Amino acid sequence: MEKVRINKFLANLGIDSRRAIDQMIEQGRITVNGKMAESGIKVDSNDEIFIDGKSIKKDKSEKVYFMLNKPQKVLSAVKDDRGRKLVVDLIKTDERIFPIGRLDYDTEGLIILTNDGEIYNRVIHPRGEVYKTYYVEVIGTVSLSTLNKLKKGVLLDDKMTLPARGKIISSTPQFTTLNFSIKEGRNRQVRRMFESVGHKVTFLKRIAIGDLVLDEKLKTGSYRPLRKKEVNYLNSL
Ligand code: URA
């Protein structure tokens, strides 16, 4: 493995942002092979790195967590009979990871992958209410009364949808863009809700799960480890 700058190396492990790591270095909290780390030093996994006196080496049972900005035409699954590209194919790890929940094949955006089954349950069956927020583009002008109807609930498969949140971002006679948040995860729910009021969804991207927001620096198809505080947040759900 090629040596990389220590701030990048530790950020890739999910310790914290590069800037926060630079601050730790300035504060003298990091050592490399027994010596105080200097900013810009290059390291690899053979180096003994300690933060506040604690080794960063992982033990075998360690859990991993990634935030992926899922592209379209990628399946939210760990295998597929039809050989389609999978979310797990986009992440380099030796761990057996799986996605928490699903995004449609044609939906982009925030998806969490992990080997931690407990956190999976927390996010899928939270104790409280967790709204998943989507950026939505639809055909036509969505009126405020239509938006209110969607927010109150519409009938899908003989069952009303739970209260939703929504805000129009821009609107022309041709199309409307919105942020729309739902707390359920029924099949193709956002697409079907808008279709039920006569607006076809032409683009759908998940931008947040509760307070966990898709990192805007992540290009479509790229990923990063979750930060400790983000994992703590998921654990608190
Ligand atoms: N709603 C949809 O229609 N599709 C998704 O992928 C997620 C929510």
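Side chains included, hydrogens not; waters and symmetry mates left out as well; all remaining heavy atoms used. These numbers were taken from a predicted model, which means no experiment stands behind them. Just follow the structure's listing: the first ligand is 1, and inside any ligand the first atom is 1.
None of Phe175, Phe180, Tyr134 except one satisfies the ring-ring contact (aromatic ring centres under 6.0 Å, His included) rule with Phe194; the exception is Phe180. Glu108 pairs in a side-chain hydrogen bond (donor to acceptor under 3.5 Å, both in side chains) with only one of the listed residues (Lys73, Gln72, Arg206), which is Gln72.
Of all heavy-atom pairs spanning Ala11 and Ser17, the tightest one is CB-C, 4.4 Å.
Of all atoms in ligand 1, numbered sequentially from 1 with element shown, those under 4.0 Å from a heavy atom of Asp104 are 2 (C), 3 (O), 4 (N), 5 (C), 6 (O). Interface of Thr107 with ligand 1, defined as ligand atoms under 4.0 Å from a residue heavy atom, comprises 4 (N), 5 (C), 6 (O). When each atom of ligand 1 is checked for a heavy atom of Tyr134 under 4.0 Å away, the hits are 7 (C), 8 (C).
Looking at Arg191 and Thr107, their side chains do bring a donor and an acceptor atom within 3.5 Å of each other.
Looking at Leu204 against ligand 1, only its side chain comes within 4.0 Å, counting heavy atoms.
With respect to the salt-bridge test (charged N to carboxylate O, under 4.0 angstrom), the residues Lys85 and Asp89 do not qualify.
Atom 1 (N) of ligand 1 has its closest protein heavy atom at Val190 N, 3.1 Å.
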